[in-house]
Participant: 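I have a structure here, written as structure tokens, and I will follow up with some questions on it.
Because the structure is a prediction, the values reported are computed rather than measured. Every heavy atom of this structure was used, including side-chain atoms; hydrogens, water molecules and symmetry mates were not. Chain naming here is simple, since letters A, B, ... match the order of the sequence lines and numbering starts at 1 in each.
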2 protein chains.
Amino acid sequence: MQLGKGVEWTAHICAMLPLVPPGRGLSVDALADYFEVPSAYLAKQMQLLRRAGIVQSVRGKGGGYRLARPIDEISLLDLVTAIEGPTPAFRCTEIRQNGPCGLKRKDCRRPCEIASAFAEAERAYRAALASRSLASIAQEVAVNASPEHLLDIAGWVQRQVG
Amino acid sequence: MQLGKGVEWTAHICAMLPLVPPGRGLSVDALADYFEVPSAYLAKQMQLLRRAGIVQSVRGKGGGYRLARPIDEISLLDLVTAIEGPTPAFRCTEIRQNGPCGLKRKDCRRPCEIASAFAEAERAYRAALASRSLASIAQEVAVNASPEHLLDIAGWVQRQVG
DNA sequence: GCGTCCCTACTCGGATACACGATGTCCGAGTTGGGCGGG
DNA sequence: CCCGCCCAACTCGGACATCGTGTATCCGAGTAGGGACGC
């Protein structure tokens, strides 16, 4: 049970994207250089974000990616759902209906107790992720970082959008 | 991000194991037949449970598996940890230290905000699983099942331990 | 008849294949911006 | 000098390989139980 690397990558990226000026974008290559991750694979993850409506893409010279909506309207759950898909981690295959003592379908009106317990736990997980917006994370980062580092980042973005 | 099938299988199995008389066990083949799952692969999962101290194994004729401790001292979290391992789902690779604007190690005394947020969510997930003992689940199943079904199961166990 | 030894059947246990999804890569589609030529 | 067209560079977008983990399987190790043999 592992989350894909794309979750970490895109979380860091979305926390930085608000720094790009309106109307401009950051290319996949630039983002990949910034975090030292393979650009072609990062592109794949950015596609997922675009389809989920989290970022917008602009083609052609000077194009790239930018956030599709205000950062405080993007939660960590949105990211995870976009990258990993909406499928729950626990897959109930209804094995209680199998074998010599299997329940008949008509006796399965109540959901499987085990599946329910896992669903409840996942609800708690998703609720925790949904309650954390990327804005709150970006703010924490900004508060804890040194002023020089923030200037460093702003300068890099400036050079990219040239 | 998917949990292995072993989690579902062993959860159902552990909920049934208390029915076996003290001193006896159920063989992997019997359990595999009961739930219609591949016995050789189920054996692998039972090994993990044994190493985690959840079940005991007895070799030789009439042997098999039985619970190693009272069922109310086994939580769903114990099962998940035994099968999936203790590794968190979110893997922080510290990419904030990468690239042209990467933080230096000495500036990383505070943990990564993103990793912290995911760790918090996983704590909620694990807490929910830890609070559900297999005893409570087995009881719910028993309460909701029909008397015939319970007798059916008891008879099957009786035939297995012969 | 009784005790002991051996043998066999049964079960676990770890080493060994296979498959599918995550990871990583490549080339074509589409768009913008600027350069170049003509007016 | 100004306008418009064309070209080329740049970027996204989806199709194509590769690798690792989950899934599945097999055969050897170990044990208990019973039967046979001897006393």
Participant: Are the side chain of A:Arg132 and the backbone N or O of B:Ala117 linked by a donor-acceptor pair below 3.5 Å?
Facilitator: no
Participant: B:Arg59 has a side chain; which of D:dG28, C:dG24, D:dC10 sits nearest to it?
Facilitator: D:dG28
Participant: Between A:Arg66 and D:dC12, does any side-chain N or O lie under 4.0 Å from OP1 or OP2?
Facilitator: no
Participant: Rounded to whole Å, how long is the line connecting atom CD of A:Glu84 with atom P of C:dG21?
Facilitator: 14 Å
Participant: Closer to the 5' end of DNA chain C via nearest nucleotide, is it A:Val58 or A:Lys5?
Facilitator: A:Lys5
Participant: Quick one: is D:dG14 close enough that its OP1 or OP2 comes under 4.0 Å of any side-chain N or O from A:Arg51?
Facilitator: yes
Participant: Look at atom CD of B:Gln2 and say whether more than 12 heavy atoms of other residues, nucleotides or ligands are closer to it than 6.0 Å.
Facilitator: yes
Participant: Between A:Gln160 and A:Ala30 (side chain of the first, backbone of the second, donor and acceptor by atom type, cut-off under 3.5 Å), is there such a pair?
Facilitator: no
Participant: Any base atoms under 4.0 Å from A:Gly64, or only sugar-phosphate, or nothing? Heavy atoms, all strands.
Facilitator: sugar-phosphate
Participant: Ignoring backbone atoms, establish whether B:Arg50 has a side-chain N or O less than 4.0 Å from OP1 or OP2 of C:dG13.
Facilitator: yes
Participant: Return the 5'-most residue of the pair A:Gly60, A:Trp9 with respect to DNA chain C, ranking by each residue's nearest nucleotide.
Facilitator: A:Trp9
Participant: Between atom CD in A:Gln56 and atom P in D:dC12, what is the gap in whole Å?
Facilitator: 13 Å
Participant: Give every residue pair that meets the side chain to side chain donor-acceptor pair (under 3.5 Å) criterion with at least one member in residues 69-79 of chain A, sequence neighbours excluded.
Facilitator: A:Arg69-A:Asp78, A:Ser75-A:Asp78
Participant: To the nearest Å, how far apart are A:Lys61 NZ and D:dC7 P?
Facilitator: 16 Å
Participant: Over how many whole Å does the gap from A:Met1 atom CE to D:dG22 atom P extend?
Facilitator: 12 Å
Participant: Kindly state each residue pair satisfying side chain to side chain donor-acceptor pair (under 3.5 Å) with at least one member in residues 84-95 of chain A, sequence neighbours excluded.
Facilitator: A:Thr93-B:Glu8, A:Glu94-A:Arg96, A:Glu94-A:Gln97
Participant: If you compare every side-chain N and O of A:Gln47 against the phosphate oxygens of D:dG14 (OP1, OP2), does one of them come in below 4.0 Å?
Facilitator: yes
Participant: Under a 4.0 Å heavy-atom cut-off, which of residues 14-46 of chain A touch DNA chain D?
Facilitator: A:Leu26, A:Ser27, A:Val28, A:Lys44
Participant: CD of A:Gln158: more than 12 outside heavy atoms within 6.0 angstrom?
Facilitator: no
Participant: Just how far, in rounded Å, is C1' of D:dG13 from OH of A:Tyr65?
Facilitator: 8 Å
Participant: So which heavy atom on A:Ser39 is nearest to which on A:Val28, and how close?
Facilitator: O-CG1, 3.3 Å
